[in-house]
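No experiment lies behind these values; they were computed from the predicted model shown.
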Number of protein chains: 2
Amino acid sequence: MTGDAKSPKGARRGESRRAQLIKGVLDLALLCILKERPHYGLEILQRMNEEAELDVADGTIYPLLHRMEASGFVSAEWRIEGDQARPRKYYALTPSGVAELKSLSADWRTLSTRMNALIDKSKP
Amino acid sequence: MTGDAKSPKGARRGESRRAQLIKGVLDLALLCILKERPHYGLEILQRMNEEAELDVADGTIYPLLHRMEASGFVSAEWRIEGDQARPRKYYALTPSGVAELKSLSADWRTLSTRMNALIDKSKP
DNA sequence: ACCAGTCATCTTGTAATGCAAGATATATGA
DNA sequence: TCATATATCTTGCATTACAAGATGACTGGT
């Protein structure tokens with residue numbers, strides 16, 4: 001009746017990091033960018049658009065940053081840099097965020113390897 | 001007031017194929033698999049899980065197939081194969097699906113190149 | 001001083017979709 | 001007959017990328 005005898009029932013949603021990866025390359029991109037140095041919001045946006053060509057909107061980046069902060073991967077701090085007058089909110093990687101980056105990028109490597117193999121296989 | 005002086009409206013983000021890609025590597029994987037030969041639903045599921053390690057559920061694959069069919073990329077046909085008794089629904093690529101595969105895999109190549117560059121840059 | 005534009009952050013509403021769980025139906029074997 | 005396996009499909013929920021809007025503060029032109 002249930003027809004689903006093999007599915008691991010204990011695995012509630014949110015455990016599967018692979019699903020996360022498939023949906024959000026954005027998470028990985030963000031962690032990579034913050035690994036280099038702290039950035040503020042619009043700066044991240046610019047780097048994603050120009051460098052990674054991900055074509056992200058600011059309505060995407062701020063909720064993403066807040067999710068990452070709530071997960072403990074990112075910390076935020078208002079700061080005044082150099083000669084600019086207004087403070088900007090700088091986001092930085094936490095140690096736990098560094099670990100997450102390591103884990104996510106390993107997952108990415110696996111996924112991209114498999115996908116490339118699939119694509120090659122589908123060619124003459 | 002509206003603070004909306006910057007939006008270059010028009011064609012900007014309409015297509016969203018990139019968003020599609022980011023979210024759904026599944027689409028690409030499906031097209032690749034069907035390019036080789038027609039498959040029926042659970043067969044696709046097995047290949048995705050074993051070969052691509054995408055960890056997909058059947059509640060994912062059937063809606064995906066129906067979307068692809070509605071988009072004209074995939075055609076479906078009940079068929080009886082060899083000695084098995086019950087018919088299975090075989091899905092195959094249409095010419096338009098082949099074109100979509102070509103387009104999507106080009107997008108994939110771009111994305112994976114940029115992501116790998118980002119990841120490399122974030123390393124010591 | 002005033003006003004328009006820019007920078008920067010944040011919120012809201014919508015649409016897409018992956019997924020667990022359930023429903024349905026048929027064939028096979030105990 | 002009943003349980004199991006195969007196979008397809010549906011439903012409800014949670015996530016989330018995005019457009020559009022809101023807010024506030026500084027700057028430059030007049």
Here the distance between atom P of dA25(C) and atom CH2 of Trp78(B), to the nearest Å, is 13 Å
Mind checking Tyr90(B) for me? I need base, sugar-phosphate or nothing, with any heavy atom below 4.0 Å counting as a touch.
-> nothing
Pull out every protein N or O sitting under 3.5 Å from an N or O of nucleotides 26-30 of chain C, one pair per line with the distance.
unit_1, atom_1, unit_2, atom_2, d
dT26(C), O2, Arg86(B), NH1, 3.2

What's the CG-C1' distance between Leu45(B) and dC9(D), to the nearest Å?
-> 14 Å
Can you list the residues that meet the salt bridge (Lys or Arg N to Asp or Glu O under 4.0 Å) rule with Arg67(B), with sequence neighbours excluded?
-> none
Partner residues of Arg86(B) under the salt bridge (Lys or Arg N to Asp or Glu O under 4.0 Å) criterion, sequence neighbours left out | none
Send over the distance from Leu26(B) CG to dC19(C) P, rounded to a whole Å.
-> 6 Å
For the side chain of Ala57(A), counting heavy atoms from C-beta on, which of dC18(D), dC10(C), dT9(C) is nearest?
-> dC18(D)
Against the side chain of Thr60(B), the closest entry in dT11(C), dC19(C), dT9(C) is dC19(C)
For Ala99(B), the side chain to side chain contact (heavy atoms under 4.5 Å, CB included) test, sequence neighbours excluded, returns none
Nearest-Å distance for atom pair OH/C1', residues Tyr91(B) and dT8(D) | 7 Å
Glu43(B) has an atom CD; how far is it from atom C1' of dT6(D), in whole Å?
-> 13 Å
Of all the heavy-atom pairs spanning Leu101(A) and Cys32(A), show the shortest one and how long it is.
-> CD1-SG, 3.9 Å
Could you check Val98(B) against Leu31(B) for side-chain contact (heavy atoms from CB on, under 4.5 Å), going step by step and ending with a plain yes or no?
-> CA-CA 8 Å; Val98(B) 175; Leu31(B) 295 178; over 6 Å; no
For residues 65-74 of chain A, which residues have at least one heavy atom under 4.0 Å from DNA chain D?
-> Arg67(A)
Which one, dT10(D), dC9(D), dC10(C), comes nearest to the side chain of Asp58(A)?
-> dC10(C)
Whole-Å gap separating P (dA5(D)) and CD (Gln46(B)) | 14 Å
Run the side-chain donor-acceptor check on residues 117-124 of chain A: report pairs under 3.5 Å with partners two or more places apart or on a different chain.
unit_1, atom_1, unit_2, atom_2, d
Lys121(A), NZ, Glu51(B), OE2, 2.7
Ser122(A), OG, Ile119(A), O, 2.8

Write out all pairs satisfying ring-ring contact (aromatic ring centres under 6.0 Å, His included) with one or both partners inside residues 36-84 of chain B, taking only residues at least two apart or from two chains.
-> Tyr40(B)-Tyr90(B)
Closest heavy-atom pair, Lys89(B) versus Ala76(B), reported as atoms and distance to 0.1 Å, is CE-CB, 3.8 Å
Between dC9(D), dT9(C), dT6(D), spot the one nearest the side chain of Leu42(B), thanks.
-> dT6(D)
Nearest-Å distance for atom pair CG/P, residues Asn49(B) and dA20(C) | 11 Å
With sequence neighbours left out, the residues meeting side chain to side chain donor-acceptor pair (under 3.5 Å) with Asn116(A) are Trp108(B)
Indicate, with a heavy-atom threshold strictly under 4.0 Å, whether Gly59(B) touches base, sugar-phosphate, or nothing.
-> base
Provide, to the nearest angstrom, the distance between the CG atom belonging to Leu64(A) and the C1' atom belonging to dT11(C).
-> 16 Å
Of the nucleotides dC9(D), dC18(D), dT11(C), which has the atom closest to the Tyr62(A) side chain?
-> dT11(C)
Qualifying residues under side chain to side chain donor-acceptor pair (under 3.5 Å), relative to Glu43(B), sequence neighbours excluded | Arg37(B)
